[in-house]
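Notes follow the structure.
The structure presented is a predicted model; accordingly, all values stated were derived computationally and were not measured.
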Amino acid sequence: MSGEKLDRAALVEMYRTMRLIRTFEETAVDYFKQGLVIGNMHMYVGEEAVATGVCRALTREDYVASTHRCDGHLIAKGADINAMMAELMGRQGGCCGGRAGKMHQTAPEVGLMSANGIVGASLTLGTGHALYCAMFAPGRVSVAFFGDGGGNQGAFHEALNLAALWKLPVIFVCENNHYAISTSVETSTALGTFYQRGASYGIPGVKVNGNDVIQVYQAAQAAVDRARRGEGPTLIECDTYRLRGHHEGDEQTYRTKEEVAQVRLHNDCILRMCQLLREEMGWTEQEDRELLQEVERQVEAAVEFARNSPPMAVEDMEENLFISAKEEG
């Protein structure tokens, strides 16, 4: 998508993607509260512009290493939301047969190779994907999403050092949502930013407003083009904000309700995009209503698919292991 013109159709498509991510997750939370979604929920609400802007710059064949907040990355990369919802409900129709739950979903058919709950693990996994690209799939690139908490892990420095040394085609995307669980970035991070660290490894570091999908896309596109030319990695810091707790049930005693309300009112990435469409592209309330209804129908169909899919069978839990207990015995 190098040099893609962000015309009205492209902007509407990005807006639709952000709406789909949020509607999917808020619906999933409703079913989590009913006990139909297994495990815990770490939501991406508020950060939709990051996944949407970055993945807009990628092709289906490019690779993504995700985190415990993987729904946004999966949807923006083009994963099947029916299989995603079934996975959350522990059903056989899930993208991992119901075994992965929320934090470990994969969709290799669209290049999302790994999501996991280990803080910072995506950095080294994404670097590994980039090494594969360099050795066996020239022209493809890899993206490693990570949070501000992951940026303070040793894996951050190991991954950037190796990627810079070998000029690997990887884009490191920091989703700085300001809180690593309950620890603010201001109290945990020298300088309070991450993009400047790229200079230590001789790679470009860029900071953008992570709630502005156009800024995110433009930075990602430049980094992807650079990687495809064989010029190595880029570090992009997206300054964003999570509008829900670290996990569902998080009492959020580390921040005030007023703080969250102010961001929701003045800097919500979806509301920003809707306003831009209305002011610059003639977007109407009728069009907005129809788009939201379309998205809601998609998510409702995903819920129906998931609920009609049989639960994961206990006797199948050992499938796809290299050595099962039966074989060892």
Side-chain angles (χ1 to χ4, degrees), residues 14-15 17-34 37 39-54 66-73 75-76 88 102-103 117 119 145-152 173-189 191-195 207-216 236-278 288 292 295-296 299:
M14 288 197 289
Y15 178 56
T17 298
M18 289 192 288
R19 279 288 191 188
L20 180 58
I21 294 169
R22 185 163 299 185
T23 302
F24 179 93
E25 287 212 312
E26 290 180 340
T27 301
V29 167
D30 290 340
Y31 285 96
F32 170 74
K33 292 176 179 177
Q34 297 176 39
V37 168
N40 209 333
M41 300 289 285
H42 299 80
M43 310 307 294
Y44 199 65
V45 173
E47 304 177 42
E48 295 90 349
V50 180
T52 300
V54 171
S66 186
T67 68
H68 55 296
R69 301 188 196 281
C70 58
D71 290 336
H73 307 146
I75 292 173
L88 297 185
K102 174 70 170 68
M103 292 195 293
V119 177
F145 289 101
F146 65 100
D148 43 289
N152 286 329
V173 179
C174 177
E175 298 179 306
N176 182 357
N177 64 25
H178 289 255
Y179 292 96
I181 306 181
S182 58
T183 304
S184 71
V185 69
E186 291 80 11
T187 59
S188 65
T189 306
L191 300 179
T193 60
F194 297 87
Y195 75 101
K207 183 177 180 180
V208 299
N209 182 349
N211 295 322
D212 185 327
V213 69
I214 296 175
Q215 280 192 35
V216 175
I236 302 174
E237 179 178 353
C238 297
D239 187 8
T240 184
Y241 195 88
R242 58 171 166 81
L243 293 173
R244 300 183 78 96
H246 171 69
H247 58 83
E248 289 306 301
D250 178 7
E251 295 182 357
Q252 303 183 62
T253 55
Y254 48 87
R255 62 183 184 181
T256 65
K257 293 181 180 179
E258 290 74 20
E259 175 184 318
V260 179
Q262 283 298 308
V263 176
R264 190 181 290 275
L265 181 62
H266 298 293
N267 208 18
D268 184 324
C269 61
I270 290 179
L271 297 183
R272 285 174 63 99
M273 190 60 171
C274 184
Q275 183 178 359
L276 182 146
L277 286 170
R278 286 177 175 171
D288 199 59
L292 186 55
V295 164
E296 289 172 344
V299 175

State which residues pass side chain to side chain donor-acceptor pair (under 3.5 Å) with [X]; sequence neighbours excluded, sorted by chain then number.
{"X": "Arg264", "answer": "none"}
{"X": "Ser188", "answer": "none"}
{"X": "Thr240", "answer": "Asn211"}

Just verifying a value: how many Å separate [X] [atom1] and [Y] [atom2], rounded to the nearest 0.5 Å?
{"X": "His73", "Y": "Glu48", "atom1": "NE2", "atom2": "CD", "value": "10.5 Å"}
{"X": "Ile75", "Y": "Thr23", "atom1": "CD1", "atom2": "OG1", "value": "9.0 Å"}
{"X": "Cys274", "Y": "Arg19", "atom1": "SG", "atom2": "CZ", "value": "6.0 Å"}
{"X": "Met273", "Y": "Met18", "atom1": "CE", "atom2": "CE", "value": "5.0 Å"}
{"X": "Ile236", "Y": "Asn176", "atom1": "CD1", "atom2": "CG", "value": "14.0 Å"}
{"X": "Glu296", "Y": "Thr27", "atom1": "CD", "atom2": "OG1", "value": "7.5 Å"}

Partner residues of [X] under the side-chain contact (heavy atoms from CB on, under 4.5 Å) criterion, sequence neighbours left out:
{"X": "Leu191", "result": "Thr193, Gln196"}
{"X": "Leu271", "result": "Asp268"}
{"X": "Leu276", "result": "Leu11, Ile214, Glu280"}

Considering all heavy atoms of both residues, which atom of [X] and which atom of [Y] are nearest to each other, and what is their separation?
{"X": "Phe32", "Y": "Asn40", "value": "CZ-OD1, 3.8 Å"}
{"X": "Val37", "Y": "Ala28", "value": "CG2-O, 3.6 Å"}
{"X": "Gly46", "Y": "Cys269", "value": "O-SG, 3.8 Å"}
{"X": "Cys238", "Y": "Gly210", "value": "CB-CA, 3.9 Å"}
{"X": "Lys207", "Y": "Tyr195", "value": "CB-CD2, 3.6 Å"}

[X] versus [Y]: any side-chain heavy-atom pair under 4.5 Å?
{"X": "Asp71", "Y": "Lys102", "value": "yes"}
{"X": "His246", "Y": "His68", "value": "yes"}
{"X": "Val54", "Y": "Phe145", "value": "yes"}

Any donor-acceptor pair under 3.5 Å from Glu25 side chain to Tyr44 backbone: yes
Any donor-acceptor pair under 3.5 Å from Asn177 side chain to Asp148 backbone: no
Sequence-distant partners of Asp239, salt bridge (Lys or Arg N to Asp or Glu O under 4.0 Å), two or more places apart: none
Salt bridge (Lys or Arg N to Asp or Glu O under 4.0 Å) against Glu248, all qualifying residues, sequence neighbours excluded: Arg244
Side-chain donor-acceptor contact under 3.5 Å, Asn209 with Gln215: no
Any donor-acceptor N or O pair under 3.5 Å, side chains Tyr241, Gln262: no
Sole candidate of Thr183, Thr189, Val185 that passes side chain to side chain contact (heavy atoms under 4.5 Å, CB included) when paired with Thr187: Thr183
Go through the structure and list residues passing ring-ring contact (aromatic ring centres under 6.0 Å, His included) with [X], not counting sequence neighbours.
{"X": "Phe194", "answer": "none"}
{"X": "Tyr179", "answer": "Tyr254"}
{"X": "Phe146", "answer": "Phe156"}
{"X": "His178", "answer": "none"}

Atom CD of Glu186: over 12 foreign heavy atoms under 6.0 Å: yes
Ile181 CD1: over 12 foreign heavy atoms closer than 6.0 Å: no
Parallel, tilted or perpendicular: ring planes of His247 versus His42, cut at 30 and 60 degrees: perpendicular
